[in-house]
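Have a look at the structure below before the remarks.
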Amino acid sequence: MAAWTGWKLKALTVTGALASIGIGIITLAGTGVNGLLLLGAFFASSSLWSKFKAKSKSAMDEKLAKGATRDWRQVVANGGPAAICSGLFFVTGNPIWLTCYAAAISSANSDTWASEIGPIGKRDPISIKGFKRAERGTSGAVSLLGTCAALAGAGFIALLAVYFFGLPFWFGWIIFIFGFLGNVIDTLLGAYFQVSYKCRVCGLETEKAHHCGTATGKIKGSSLLDNDVVNFLSGAAAVMGTYLVLL
């Protein structure tokens, strides 16, 4: 039902909706209805923020590889680490994976809220690579509003996880901390390693491999390390950190 709604509201492509169903099935099998509710809170809140002041953020569409409508790669990149944790919880019954599951969603939510709320601020962000003002939507650029949004996004999921799963309150702090750190890792990877291109026609720096009807030229990073891969790796890092702390 949620996947169908996301597709009807143009928050998901057809492939994105199908990927959401797959992740939802794995989540339901491992973490149950409460895990599905936590995942739903992420997707619902992220979709709402992506629609908030969408016109003011439309200029970033030329820089970003994809828009607000999520395809299967975006769904897997954001929900994949959590789905893996849910599957491991189902197989092993080890409660550590339940907390890791929440940390993965906290990381994805932290990054998404920062990406959707940060650009509506009045000032351009600052690139952590050189500490100079950068265009909105630039990978590795941060702002005060975006950082506050990242903290709020991580905290939102952490609080819900404590409530849904009946976790000790200090587990919520672990989920919050590693959720936010996942966003920090995403920013670092985006600044130094994520692929970036430059349009040969208009000179725009973009995540797109094609712009103005022609192939763009790579100016930094690895072609294998696009935004989706960076999102997946940052979520995986949040999981690994949480797991090591709780061992």
Side-chain angles (χ1 to χ4, degrees), residues 1-7 11-47 70-112 153-183 185-186 228-247:
M1 182 64 182
W4 181 84
T5 302
W7 174 68
L12 295 170
T13 64
V14 173
T15 62
L18 292 174
S20 295
I21 292 171
I23 287 176
I25 291 172
I26 297 172
T27 297
L28 184 61
T31 58
V33 173
N34 286 339
L36 203 59
L37 288 173
L38 190 66
L39 183 65
F42 157 61
F43 279 118
S45 64
S46 297
S47 296
R70 298 169 183 265
D71 62 14
W72 73 268
R73 283 175 57 88
Q74 288 170 290
V75 171
V76 172
N78 286 285
I84 292 171
C85 292
S86 181
L88 288 170
F89 180 64
F90 175 77
V91 172
T92 67
N94 188 336
I96 286 180
W97 292 116
L98 193 62
T99 307
C100 289
Y101 168 82
I105 298 179
S106 177
S107 173
N109 204 56
S110 179
D111 174 60
T112 304
F156 173 68
I157 294 298
L159 288 172
L160 287 180
V162 168
Y163 175 75
F164 286 148
F165 298 138
L167 299 173
F169 192 72
W170 68 275
F171 273 45
W173 280 106
I174 293 175
I175 294 167
F176 167 70
I177 290 169
F178 283 102
F180 178 70
L181 285 179
N183 170 72
I185 291 171
D186 186 282
D228 291 331
V229 176
V230 167
N231 286 342
F232 185 90
L233 291 176
S234 60
V239 169
M240 289 177 63
T242 303
Y243 182 82
L244 291 173
V245 166
L246 294 177
L247 268 181

Grab the two heavy atoms, one from [X] and one from [Y], that are nearest each other, plus how far apart they are.
| X | Y | result |
| --- | --- | --- |
| Ser106 | Ile175 | OG-O, 3.3 Å |
| Val162 | Gly172 | CG2-CA, 3.5 Å |
| Asn109 | Phe42 | OD1-CD1, 3.2 Å |
| Ala83 | Ile26 | O-CG2, 3.3 Å |
| Ile23 | Leu39 | CG2-CD2, 3.7 Å |
| Asn183 | Ser107 | N-OG, 4.1 Å |

Between [atom1] of [X] and [atom2] of [Y], what distance do you get to the nearest 0.5 Å?
| X | Y | atom1 | atom2 | value |
| --- | --- | --- | --- | --- |
| Trp173 | Ile177 | CH2 | CD1 | 7.0 Å |
| Ile96 | Leu98 | CD1 | CG | 11.0 Å |
| Tyr163 | Leu38 | OH | CG | 13.0 Å |
| Thr99 | Leu167 | OG1 | CG | 5.0 Å |
| Ile185 | Leu181 | CD1 | CG | 6.5 Å |

Using a 4.5 Å cut-off on heavy atoms from C-beta on, say whether the side chain of [Y] contacts that of [X].
| X | Y | result |
| --- | --- | --- |
| Thr13 | Trp72 | no |
| Tyr101 | Thr27 | yes |
| Asp186 | Asn231 | yes |
| Asn94 | Leu88 | no |
| Phe165 | Phe171 | no |
| Thr31 | Trp97 | no |
| Phe232 | Asp228 | no |

- With distance as the sole test, does Ser20 use its side chain to make a donor-acceptor pair with the main-chain N or O of Gly16 at under 3.5 Å? yes
- Query: Can any side-chain N or O of Asn78 pair as donor or acceptor with the backbone N or O of Gln74 at less than 3.5 Å?
  - Reply: yes
- Got more than 12 heavy atoms from elsewhere within 6.0 Å of CZ, Phe164? yes
- Message: Under a 3.5 Å cutoff, is there a donor and acceptor pairing between the side chains of Asp111 and Ser234?
- Response: no
